[in-house]
Novice: 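Let me begin by handing over the structure; questions about it come next.
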Number of protein chains: 2
Amino acid sequence: MTTQSRSPSGYATWRLIAEELRREIVGGARAAGAKLPPEGELAERFGVHRNTVRQAVAALAAEHLVVSRRGSGTYVAEHTVLVHRIGARTRLSDSLGSRGNASRRLLASAVEPEPPAEVTERLALGGGAGLRLETVVSVDGLPISRGTHWFAADRVPGLAERFDATGSITAALRTVGIDDYIRAATTVSARHASAAEAADLSLTAGSVVLVTRSLDTLTDGTPLQLGITRFVAARVELDVGHPDLDLDGSA
Amino acid sequence: MTTQSRSPSGYATWRLIAEELRREIVGGARAAGAKLPPEGELAERFGVHRNTVRQAVAALAAEHLVVSRRGSGTYVAEHTVLVHRIGARTRLSDSLGSRGNASRRLLASAVEPEPPAEVTERLALGGGAGLRLETVVSVDGLPISRGTHWFAADRVPGLAERFDATGSITAALRTVGIDDYIRAATTVSARHASAAEAADLSLTAGSVVLVTRSLDTLTDGTPLQLGITRFVAARVELDVGHPDLDLDGSA
DNA sequence: TCAAGTTGTCCAGCTATCTAGACAACTTGA
DNA sequence: TCAAGTTGTCTAGATAGCTGGACAACTTGA
């Protein structure tokens, strides 16, 4: 009997151990390719049975953060954190640019006659309908973010179809005559993923998501897009950069 | 037997329910003062026994997010989210300004002869020692953030003592002759809190923290401070604002 | 070739968690 | 004043999930 209080509330011990190991890995204390201590040693360190450690390691292996090789050991896998730059000319496609196989997929789109109050207000819809796009961005097959994008329906006719074809919001907007837009405001928060979000992003329940709420405007200040994006916290980091150095935009 | 898979992995069902309710509350779907559905109704909705719902509600009550009144019901408590603005002139004290009882406390300070590589590099220490401050900021007695601040030890003599006295980094820096500094870079990520962080911030294990890594420089570009701040995600939101509008600073 | 080290698999027992039901205490509105 | 509605408390039982130990399968280096 280890006398350790086990899970005092709500979290299985193996999950707490998994999170601890994850912090060590993504925090940089364990480099890619490095070998983890043997399970027996970890078990001793955390004061639990080896099977409990195994369950934690299995969870990390399931998300491809580590790879176990029988007879040899468990190794930290190659894992890249996508750095997404947020600035006046923020385009997710720019952050994805250098990456392999980035794909943006349209989950659903709908014209909403009566959008939520926040949307109506910030997009200055004034009673008009809103267009809602639900998207998922993946890199190398791994989902990165889950976005909800609101537009004034009458300002962007056919946008959903265009987006579905091009896979890019910037490109789709160009086909409706909008060549430029500017990020006017962004707020960042974080929370546990909901069950639905976890499903869309191939996460286990309880994973952490970074949530941005952003407003894009045309160059004359007209509100264009209200976006709520949920990034997989384990795979994405936001770079706020330095405002003064950010006047030119990206690329 | 409800056949529902319970916690497929690592999370007690009552905790998943608590997180779900929390999202509804802080997401704005339930306003302060609003009454939650009766426990029996929630139990039916989630497909569990009322006792399980009670445990979830008790967890939310423990963090003062809801208040239960016997015979009457459970109500959403007053809860404010601190909005912290991040810009060229970022000072946490500015975001705290309008709040009641904000206090900044020094947990520990130490001169480290050999700081981590990242610190040595980004602060351009070149072999010199680093000064590390560990702080906690609270508002109305509730911890808001947990910061680790690195300085070049020889550039800020006596800073720790000064900070301890004034409770403000900006003020403490002034006493060593540094009147102005600029936020040069900030990255934002999120993850589960470690056990130590949870303890410092009065959180239950498994809570979410927003993590910022920031570099402040003097006006001539000399690196001044490297900060790693862990914000309680449930109580703080970051406002990145719009770079172009942010040239003047705050207040 | 072999010994040491490591992960994979299995099974049995224990325990925390969830389920279940009943009743008390209290509030609210008719 | 009273009935309906709601939260608080308690007890007991079922079971999913965690613990613990033993051994097999495999890798590595001497």
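Atoms considered below: every heavy atom in the structure, side chains included; atoms not considered: hydrogens, waters and symmetry mates. Just so it is clear: chains get the letters A, B, ... in the order the sequence lines come, proteins before strands, and each one is counted from 1.
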Novice: Answer yes or no: does a side-chain N or O of Trp14(A) lie under 4.0 Å from OP1 or OP2 of dG17(D)?
Specialist: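 It does not, given that no N or O in the side chain of Trp14(A) lies less than 4.0 Å from OP1 or OP2 of dG17(D).
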Novice: Of the listed nucleotides (dT28(C), dT19(C), dA22(D)), which one gets closest to any side-chain atom of Ser72(B)?
Specialist: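 When the side chain of Ser72(B) is considered, dT28(C) is the closest of dT28(C), dT19(C), dA22(D).
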Novice: Does dG29(C) pair with anything, Watson-Crick or G-U wobble, both distances under 3.5 Å, and if so, with which nucleotide?
Specialist: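 When the pairing criteria are applied, dC2(D) turns out to be the nucleotide that pairs with dG29(C).
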Novice: Check the pair Leu215(A), Leu123(A) against side-chain contact (heavy atoms from CB on, under 4.5 Å), reporting the backbone distance first and the verdict last.
Specialist: CA-CA 8 Å; Leu215(A) 181 68; Leu123(A) 281 184; 4.2 Å; yes
Novice: Fit a plane to each ring of His84(B) and Phe231(B), take the angle between them on a 0 to 90° scale, and name the class: parallel (under 30°), tilted (30 to 60°) or perpendicular (over 60°).
Specialist: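 Plane angle between 30° and 60°, so tilted.
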Novice: Need the pair for dA12(C). Rule: Watson-Crick or G-U wobble, both distances under 3.5 Å, any strand; none if unpaired.
Specialist: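 Per the H-bond distance test, dT19(D).
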Novice: Roughly, in whole Å, what's the span from CD in Glu41(A) to C1' in dG5(C)?
Specialist: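 Atom-to-atom, Glu41(A) to dG5(C), this comes out as 12 Å.
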Novice: Would you say dT17(C) has OP1 or OP2 under 4.0 Å from some side-chain N or O of Gln55(B)?
Specialist: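 Checking dT17(C) against Gln55(B), no side-chain N or O comes under 4.0 Å of OP1 or OP2.
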Novice: Rounded off to whole Å, could you give me the CG-to-P distance for the Asn51(B) and dA16(C) pair?
Specialist: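 So the CG-P distance, Asn51(B) to dA16(C), works out to 18 Å.
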Novice: Checking contacts here: which listed nucleotide (dT6(D), dG8(C), dC18(C)) is nearest the side-chain heavy atoms of Glu39(A)?
Specialist: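 Between dT6(D), dG8(C), dC18(C), the one nearest the side chain of Glu39(A) would be dG8(C).
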Novice: With distance as the sole criterion, do the side chain of Arg69(B) and the base of dG8(D) form a donor-acceptor contact below 3.5 Å?
Specialist: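 Between dG8(D) and Arg69(B), which were checked side chain against base, a qualifying N/O pair under 3.5 Å is absent.
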Novice: Does dC18(C) have OP1 or OP2 under 4.0 Å away from a side-chain N or O of Thr13(B)?
Specialist: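 So the side-chain polar atoms of Thr13(B) do come within 4.0 Å of the phosphate oxygens OP1 or OP2 of dC18(C), strictly under.
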Novice: With a cut-off of less than 4.0 Å, is there a side-chain N or O of Thr74(B) near OP1 or OP2 of dT7(D)?
Specialist: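 Yes, such a contact exists.
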Novice: Whole angstrom is fine here: how far is it from NZ in Lys35(A) over to P in dT28(D)?
Specialist: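 For the pair Lys35(A) NZ and dT28(D) P, the rounded distance is 9 Å.
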Novice: On DNA chain D, compare the nucleotides closest to Gly71(B) and Arg50(A); which residue's is nearer the 5' end?
Specialist: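 This one resolves to Gly71(B).
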Novice: Strictly by modelled atom types, are Thr148(A) and Glu134(A) linked by a side-chain donor-acceptor pair under 3.5 Å?
Specialist: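 A pair is found: one side chain offers a donor N or O, the other an acceptor, under 3.5 Å apart.
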Novice: Quickly work out the Arg15(A) CZ to dC18(D) C1' distance and round it to whole Å.
Specialist: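 One finds 15 Å between C1' of dC18(D) and CZ of Arg15(A), rounded.
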Novice: Under a plain distance cut-off of 3.5 Å, with no hydrogens placed, do His192(B) and Ser207(B) share a side-chain donor-acceptor pair?
Specialist: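 The answer is no; no qualifying pair exists.
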Novice: Do Arg70(A) and dG5(C) share a donor-acceptor pair, side chain to base, under 3.5 Å?
Specialist: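 Per atom types, no contact qualifies.
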Novice: What is the distance, rounded to the nearest whole Å, between atom CZ of Phe46(B) and atom C1' of dT19(C)?
Specialist: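 Rounded to the whole Å, the gap is 17 Å.
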Novice: So, is Thr52(B) close to the dT17(C) phosphate, meaning a side-chain N or O under 4.0 Å from OP1 or OP2?
Specialist: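 Looking at the OP1 and OP2 atoms of dT17(C), neither is under 4.0 Å from any side-chain N or O of Thr52(B).
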Novice: Using purine N1 to pyrimidine N3 plus N6-O4 or O6-N4 for Watson-Crick, or N1-O2 and O6-N3 for G-U wobble, each under 3.5 Å, what pairs with dT7(C)?
Specialist: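 Per the H-bond distance test, dA24(D).
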Novice: Within the 3.5 Å criterion, strictly below it, is a donor on Ser214(A) or Thr186(A) matched to an acceptor on the partner's side chain?
Specialist: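 No, no side-chain donor-acceptor pair sits under 3.5 Å.
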Novice: Nearest whole angstrom, please: distance from the P of dT7(D) to the CZ of Arg54(B).
Specialist: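 About 8 Å, once rounded to whole Å.
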Novice: Return the value, rounded to whole Å, for the distance between atom CD of Glu44(B) and atom P of dT19(C).
Specialist: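 Checked: the CD to P distance equals 14 Å.
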Novice: Could you give the OH-to-C1' distance, from Tyr11(B) to dG17(D), as a whole number of Å?
Specialist: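 Value for this atom pair: 16 Å.
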Novice: Cation-pi check for Tyr75(B) against Arg69(B): NZ or CZ below 6.0 Å from the six-membered ring centre and within 45 degrees of the axis, yes or no?
Specialist: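 Yes, Arg69(B) lies over the aromatic ring of Tyr75(B).
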